[in-house]
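Here the structure comes first, spelled out in structure tokens, and everything after it is commentary.
Chain A is the first sequence line, chain B the second, and so forth, proteins listed ahead of strands; every chain is numbered from 1.
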Amino acid sequence: MYALVDCNNFYVSCERMFNPGLEGKPVIVLSNNDGCAISRSDEAKALGIEMGAVPHLISEKVDISQLKIFSSNYTLYGDMSDRVMKLLSEFVPRMEIYSIDEAFLDMSCMPFVNLEALAVKIKATIKQCCGIPVCVGIGPTKALAKVANRFAKKTNKAYGVYCAADKASIDFMLKQTPIGDIWNIGHQYELLLRRNGIFTGSDFVHVSEDFVRNNMTVQGLRLQMELKGTPCFEWEFEQEARKVICVSRSFGALTSDKAIMAEALSNFAAACALKLRRQQSAARELRIFINTNPHRPQDKQCFKSIVLQLDTASNSTPELIKYALKALDIIFKDGCRYMKCGIEARNLVAENNIQFNIFTAGVTAKKKKLLSVLDKVNDGMGKELVRYGIQGFTRTYKARAAKLSPCYTTRFEHIIKAND
DNA sequence: TCTGGGGTCCTAGGACCC
DNA sequence: TCTGGGGTCCTAGGACCC
């Protein structure tokens, strides 16, 4: 049996935790660069604010003075997520962290436990210890646990638990679940299925396997099996090494200044190198890209990217910066107003498995030591103190984050003060 | 003024091999 | 009429997730 625990409106709930005045009010959290809404309180949803809604359109629709808006504060959300996950891990022998606000719990080795009662207890504990409301769905497969979770949220959020452990409760749930609400059925598949008269989870389960295979690939077939009760999605208890590592951001303002782009790209390359070192990988290939704003048809458009093969696989900050700047020299064009750039490390190998050549073998150990010292210093400080010159200090490209809340749990100077 | 960022998996089709 | 057959590897593109 699987349980899926999912935090309700997670980012909004994190903001509310440290700002109780937000309780009962419409609250939204914006994406990077304050672009669009990515987390909404129930009150904000009730006002008709959609996922992905952009602020200037929201202000046309609702009374903006009533709405509390926040930039996303990933430091805070990441730390709150760690706390929730740590608590969850105390209830079960094994769990899989699925995303920042969701985890699958392994309930298969608990034959004498009342799973629904356990779920109720988990929910209460997370609320009490972390201040975050969650819902729990239970089912014999991951997909059914997912559907059960959504069902709990929609039908009885206050109780927040649905146990789809037997045929009757599974059928009951699938009949009431619109096809588009099922995990792994996105917009395109929803349209396709509706065109073919499939409107609910229950309809989908009864469609022929051939139809599903032909129209939705083996992934669709696996999903159908899961909804019928046969597990096809495996446990992933250990976080597998990433196959691609990408760092990219939109700028706070459009720019045609190559120096600014170089600064941005250097910082993204440094972040990318750090991520590579954290998972003990090195890249054999880098893709560097720069984009103008596709939403401005009046501007000259430029979408350039280039893939560079590295002589020797690398996760070194100065190396990646060097390649990034070389790439920028090749693809940068004067006269375009750029909105975004990024770097993607691909074709990764294990760090201790790098094929050196005759020129690089000796130097690398020394470089590696230097970088590990640099990482240690920066880690100890909780922020990036030691940097390369090209990374700069202006950060003029920086994304907008006009309504950022404090890092309540990770910075001493941001800790809440109690009035005496 | 103005639309996120970071991932995964699968498939079709082309290049190339014997 | 009739232009091999069976592989591998790579890439681009499309679907999905939070």
Side-chain angles (χ1 to χ4, degrees), chain A residues 4-11 28-40 49-60 71-74 77-78 81 96-104 142-143 146 149-150 179-193 212-223 232-234 236 239-254 268 271-272 275-276 279 284-285 287 289 291-299 303 305 307 309 337 339-348 398-402:
Chain A
L4 179 76
V5 182
D6 189 322
C7 303
N8 301 346
N9 315 330
F10 182 55
Y11 297 170
I28 60 172
V29 174
L30 301 176
S31 65
N32 264 337
N33 217 14
D34 293 348
C36 61
I38 52 171
S39 181
R40 305 159 294 151
I49 298 173
E50 300 284 333
M51 194 71 170
V54 289
H56 76 281
L57 289 180
I58 293 174
S59 58
E60 285 170 14
S71 304
S72 36
N73 182 345
Y74 287 104
Y77 312 149
S81 172
E96 173 186 334
I97 297 176
Y98 179 68
S99 75
I100 193 166
D101 71 336
E102 276 174 84
F104 287 103
K142 280 186 169 180
K146 264 280 203 186
N149 186 291
R150 191 210 131 283
I179 191 67
D181 280 1
I182 286 175
W183 187 40
N184 283 312
I185 297 197
H187 186 56
Q188 295 306 318
Y189 285 154
E190 181 186 1
L191 293 179
L192 171 97
L193 292 169
V212 177
R213 176 72 182 80
N214 292 336
N215 291 283
M216 302 172 67
T217 81
V218 296
Q219 286 290 81
L221 205 52
R222 284 185 194 133
L223 173 63
C232 294
F233 300 148
E234 308 243 318
E236 287 171 30
Q239 184 77 37
E240 301 244 330
R242 301 254 172 252
K243 294 165 182 169
V244 175
I245 288 179
C246 177
V247 178
S248 82
R249 294 282 183 284
S250 296
F251 304 144
L254 300 178
F268 300 164
C272 186
K275 283 188 178 184
L276 284 168
Q279 75 157 33
R284 279 183 290 199
E285 208 176 86
R287 191 174 77 92
F289 58 91
N291 293 347
T292 49
N293 184 349
H295 302 291
R296 289 181 60 87
Q298 67 273 38
D299 284 3
F303 281 73
S305 81
V307 176
Q309 307 292 330
R337 303 171 71 212
M339 178 189 74
K340 178 176 175 178
C341 69
I343 177 167
E344 191 180 284
R346 328 198 291 185
N347 214 335
L348 307 186
K398 256 203 122 158
R400 282 182 295 272

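- With a 4.5 Å cut-off on side-chain heavy atoms, A:V307 and A:R346 count as touching.
- Residue A:L30 is out of contact with every strand shown, counting any heavy-atom pair closer than 4.0 Å.
- Among all heavy-atom pairs drawn from A:A143 and A:F233, the shortest one is CB-CE1, 4.4 Å.
- One can place CH2 of A:W183 at 15 Å from C1' of C:dA15, the figure rounded to the nearest angstrom.
- Residue contacts for A:D34: at a heavy-atom cut-off of 4.0 Å it reaches no nucleic acid atom on any strand shown.
- When distances run from any side-chain atom of A:C246 to the nucleotides B:dG4, C:dC16, B:dG7, the shortest one goes to B:dG7.
- An OP1 or OP2 oxygen of B:dT1 is reached within less than 4.0 angstrom by no side-chain nitrogen or oxygen of A:R296.
- Phosphate proximity of B:dG5 to A:S250: present, with a side-chain N or O under 4.0 Å from OP1 or OP2.
- Atom CG of A:L254 is separated from atom P of B:dC2 by 6 Å (rounded to the nearest Å).
- A:F233 has its CZ atom 17 Å from the P atom of B:dT8, to the nearest Å.
- For the P atom pair drawn from C:dC18 and B:dT3, the interatomic distance equals 24 Å after rounding to whole Å.
- When each of B:dG4, C:dC18, B:dC9 is scored by its nearest atom to the side-chain atoms of A:K243, the top-ranked nucleotide is B:dC9.
- Residue A:I58 contributes atom CD1, which lies 15 Å from atom C1' of B:dT1 at whole-angstrom precision.
- A:N33 contributes a side-chain N or O that, together with a main-chain N or O of A:F251, makes up a donor-acceptor pair within less than 3.5 Å.
- Here A:R222 lies in heavy-atom contact (under 4.0 Å) with sugar-phosphate atoms only.
- Side-chain atoms of A:K275 lie closest to B:dG6 of the nucleotides B:dG6, B:dC2, B:dC10.
- Take the nearest nucleotide of DNA chain B for A:R242 and for A:R213: the residue whose nucleotide is more 5' is A:R242.
- Phosphate proximity of B:dG4 to A:K340: absent, as no side-chain N or O sits under 4.0 Å from OP1 or OP2.
- Counting only distance, with no hydrogens or angles, the side chain of A:N347 and the backbone of A:E285 share no donor-acceptor pair below 3.5 Å.
- Whole-Å rounding puts the A:F251 CZ to B:dG4 P distance at 14 Å.
- B:dC2 atom C1' lies 10 Å from atom CG of A:N33, rounded to whole Å.
- Between A:K146 and C:dC17 there is no side-chain N or O to OP1 or OP2 distance below 4.0 Å.
- Aromatic ring pairs are classed by plane angle as parallel below 30°, tilted from 30° to 60° and perpendicular above 60°; the pair A:Y11 and A:Y74 is perpendicular.
- Considering every non-hydrogen atom in both A:S250 and A:A399, the closest pair reads O-CB, 3.8 Å.
- Of the candidates B:dC2, B:dC10, B:dG5, the closest approach to any side-chain atom of A:V218 belongs to B:dC10.
- For A:Q219, the side-chain atoms get nearest to B:dC9 when compared with the rest of C:dC17, B:dC9, B:dG4.
- Checked against B:dT11, B:dT3, C:dC16, the side chain of A:N293 finds its nearest nucleotide in B:dT3.
- Between A:C36 and A:T217, it is A:C36 whose nearest contact on DNA chain B lies nearer the 5' terminus.
- Atoms CD1 (A:I343) and C1' (B:dG6) sit 15 Å apart, rounded to a whole Å.
- Candidate nucleotides C:dC16, B:dG4, B:dT3 were compared by shortest atom distance to the side chain of A:R400, and B:dT3 ranks first.
- As rounded to whole Å, 14 Å separates atom C1' of B:dG4 from atom CD1 of A:I28.
- For A:S248, a side-chain nitrogen or oxygen approaches OP1 or OP2 of B:dG6 to under 4.0 Å.
- Stacking of A:H295 onto the six-membered ring of B:dC2 is not present when judged by under 5.5 angstrom between centres and under 30° between planes.
- Counting any heavy atom pair closer than 4.0 Å across all strands shown, A:I245 reaches sugar-phosphate atoms only and no base atom.
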Checklist outcome for this item: Annotated structure of DNA chain B as dot-bracket, pair cut-off 3.5 Å, Watson-Crick or G-U only, | for inter-strand, is ....||||||||||||||
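- Side-chain proximity of A:Y189 to the nucleotides B:dG5, C:dA15, B:dT11 is greatest for C:dA15.
- The two residues A:L348 and A:L276 come nearest to each other via the heavy atoms CD2-CD2, 3.8 Å.
- A pairwise comparison of heavy atoms in A:A37 and A:I28 identifies CB-CD1, 4.2 Å as the closest pair.
- Residue A:E234 places its CD atom among 12 or fewer non-hydrogen atoms of other residues, nucleotides or ligands, all under 6.0 Å distant.
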